[in-house]
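So the structure is just underneath, and the comments pick up after that.
Note: hydrogens, waters and symmetry copies are ignored here, and every other heavy atom, side chains too, is used.
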Amino acid sequence: MLTGRNVSAGANFVLLGFSEFPPLKVPLFLLFLAIYTVTVFGNLGMILIIRVSPKLHTPMYFFLSHLSFLDLCYSSVNTPELLEILVVKTKTVSFLSCMIQFFIGCTFVITEVFMLTVMAYDRFVAVCNPLLYTVAMSPKLCALLVAGTYIWGALCSLTLTYCLLELSYCGSTINHYCCEFSALLSVSCSDTHFSLMVMLVISTFNEACSLLVILTSYAFIVVTIIKIPSKGVFRKAFSTCASHLTAITIFHGILLVLYCVPKSKGSWILIKVATLFYTIVIPMLNPLIYSVRNKDVKEAVKMLIHTKVLSHSM
């Protein structure tokens, strides 16, 4: 055990994962391995399709390719370690590795929050001002919006990581499968009030800003769609937003559940399950949502398969 001092870079934490359910280790391993496999192939496939299909070289799919990249990255931060926890008897991780894992994972999650926000603004421009869409969403603006999401995600994550580095830790066992913020605070013997306040301020600010832009964008979209007399145009406008709305609802719904769960001893299983959803399940769902419900993506996939079949038959 680590006793009342800052953990050095050479010290280790023990990640418990789901050790309270030994009979479920093999089924959970197979389930998470299948999910991770779908996540990797789904998101890499989405990035590839968007890159090779000229029809998908639009701002909407530019943002979607970055969303797939983020899903792939933050899933890869946690899932391989979770799979290892389910195989080995005791999973240890160094303090330095734990901090790096938290920083990288937190950066990608916060970046995804604002990437979904940027995509909501993109849908607002596309539906409410379609004639000026290509001018309003210029390549330069799209690049700046994407860069801004990554920079802001890294700055927020750096701030939270610094708060963790300033604490002392007197426990070595983390009741989680990853180096999650509240789990790390639970093994600290320092006063965590300031760290919790920083986390609350950053989380509240990010959620409030993101949801404000998303709700405002979709409020204008709804008003615009209601004014459209043609049912065909209404259906097309709705279809372009349906996938994004589904992704937003799932992602923010899980984050809000995490915010509302009291950090008590009995709530850790719920925290771990909720964390599982936004770090492992959602990265798998997003490419499925955008491919199954998106006509352009399905046509691009068919065209790519058709091209490959023709090239092999010649």
Side-chain angles (χ1 to χ4, degrees), residues 1-22 25 28-29 32-33 35-36 39-40 69-112 150 153-196 198-199 202-203 258 263 265 268-269 271-280 283:
M1 296 285 286
L2 305 169
T3 54
R5 59 180 177 82
N6 264 344
V7 178
S8 65
N12 292 329
F13 286 125
V14 176
L15 297 174
L16 293 181
F18 293 91
S19 58
E20 58 263 64
F21 306 108
K25 277 194 171 186
L28 287 176
F29 176 85
F32 296 144
L33 180 61
I35 289 173
Y36 185 58
T39 299
V40 171
F69 172 74
L70 291 168
D71 284 334
L72 178 63
C73 287
Y74 79 73
S75 175
S76 297
V77 170
N78 296 306
T79 311
E81 189 157 61
L82 173 57
L83 293 174
E84 186 181 350
I85 291 172
L86 293 168
V87 172
V88 301
K89 188 174 182 179
T90 304
K91 169 60 180 175
T92 60
V93 58
S94 70
F95 176 75
L96 183 60
S97 296
C98 202
M99 292 298 110
I100 292 172
Q101 184 197 74
F102 171 78
F103 171 75
I104 295 173
C106 185
T107 297
F108 287 133
V109 170
I110 295 174
T111 302
E112 174 143 340
Y150 282 98
L155 286 174
C156 291
S157 183
L158 188 63
T159 303
L160 294 172
T161 305
Y162 176 78
C163 290
L164 292 174
L165 289 170
E166 287 296 294
L167 297 176
S168 296
Y169 297 88
C170 49
S172 62
T173 302
I174 297 177
N175 188 14
H176 215 301
Y177 67 88
C178 64
C179 296
E180 193 259 344
F181 193 83
S182 59
L184 287 166
L185 291 187
S186 69
V187 295
S188 171
C189 49
S190 303
D191 183 0
T192 60
H193 179 73
F194 177 75
S195 298
L196 283 169
V198 172
M199 178 62 170
I202 289 176
S203 300
L258 274 173
K263 301 299 186 290
K265 189 175 181 180
W268 275 111
I269 185 63
I271 292 172
K272 283 190 276 190
V273 170
T275 307
L276 271 175
F277 267 90
Y278 83 81
T279 59
I280 296 175

Minimum-distance pair of heavy atoms, taken over all atoms of Glu112 and Asp71
OE1-OD1, 2.7 Å
Non-hydrogen atoms of Ile85 and Lys25 that approach each other most closely:
O-NZ, 4.3 Å
What I'd like to find out is whether the side chain of Phe102 reaches to under 4.5 Å of the side chain of Thr161, using heavy atoms alone.
yes
Give a yes or no on whether the backbone of Ala154 and the side-chain of Ser157 come within a donor-acceptor separation of less than 3.5 Å.
no
With a 4.5 Å heavy-atom cut-off, do Leu165 and Phe95 have their side chains touching?
yes
Which pair of heavy atoms, one from Cys179 and one from Gln101, lies closest together, and at what distance?
N-OE1, 2.8 Å
For Tyr150, does the OH atom sit with more than 12 other heavy atoms under 6.0 Å from it, leaving out its own atoms?
yes
Would you give the length of the straight line joining atom CD of Glu166 to atom OG of Ser190, rounded to the nearest 0.5 angstrom?
9.5 Å
Thiol sulfurs of Cys170 and Cys189 closer than 2.5 Å:
no
Rounded to the nearest 0.5 Å, what separates atom OG1 in Thr279 from atom OH in Tyr177?
3.0 Å
Side chain to side chain, Cys98 and Leu184, heavy atoms closer than 4.5 Å
yes
Distance col, row Ser186:OG vs Ile174:CD1, nearest 0.5 angstrom, shows 7.0 Å
How far does OG of Ser203 sit from CD1 of Ile110, to the nearest 0.5 angstrom?
7.0 Å
Between Ser75 and Thr79, is any side-chain donor less than 3.5 angstrom from a side-chain acceptor?
yes
Say you draw a straight line from OG of Ser168 to CG of Asp191; how long is it, rounded to the nearest 0.5 Å?
11.0 Å
Leu196 and Leu185: which non-hydrogen atoms are nearest, and at how many Å?
CD2-CD1, 3.3 Å
How long is the span from the CG atom in Leu160 to the CG atom in Leu164, to the nearest 0.5 Å?
7.0 Å
Do the rings of Phe32 and Phe18 sit parallel, tilted or perpendicular, given the 30° and 60° boundaries?
tilted
Between Thr192 (side chain only) and Ser195 (backbone N and O only), is there a donor and an acceptor less than 3.5 Å apart?
no
Expected output: side-chain Tyr74 to main-chain Pro283 donor-acceptor under 3.5 Å:
no
For Phe194, which residues count as a side-chain contact (heavy atoms from CB on, under 4.5 Å) partner, sequence neighbours excluded?
Cys163, Val198
Given side-chain contact (heavy atoms from CB on, under 4.5 Å), test Leu86 with Lys91 step by step and report yes or no.
CA-CA 9 Å; Leu86 293 168; Lys91 169 60 180 175; over 6 Å; no
Across all chains, not counting sequence neighbours, the side-chain contact (heavy atoms from CB on, under 4.5 Å) partners of Leu158 are Phe103
Considering all heavy atoms, the nearest Asn12-Thr92 contact
CB-CB, 4.2 Å
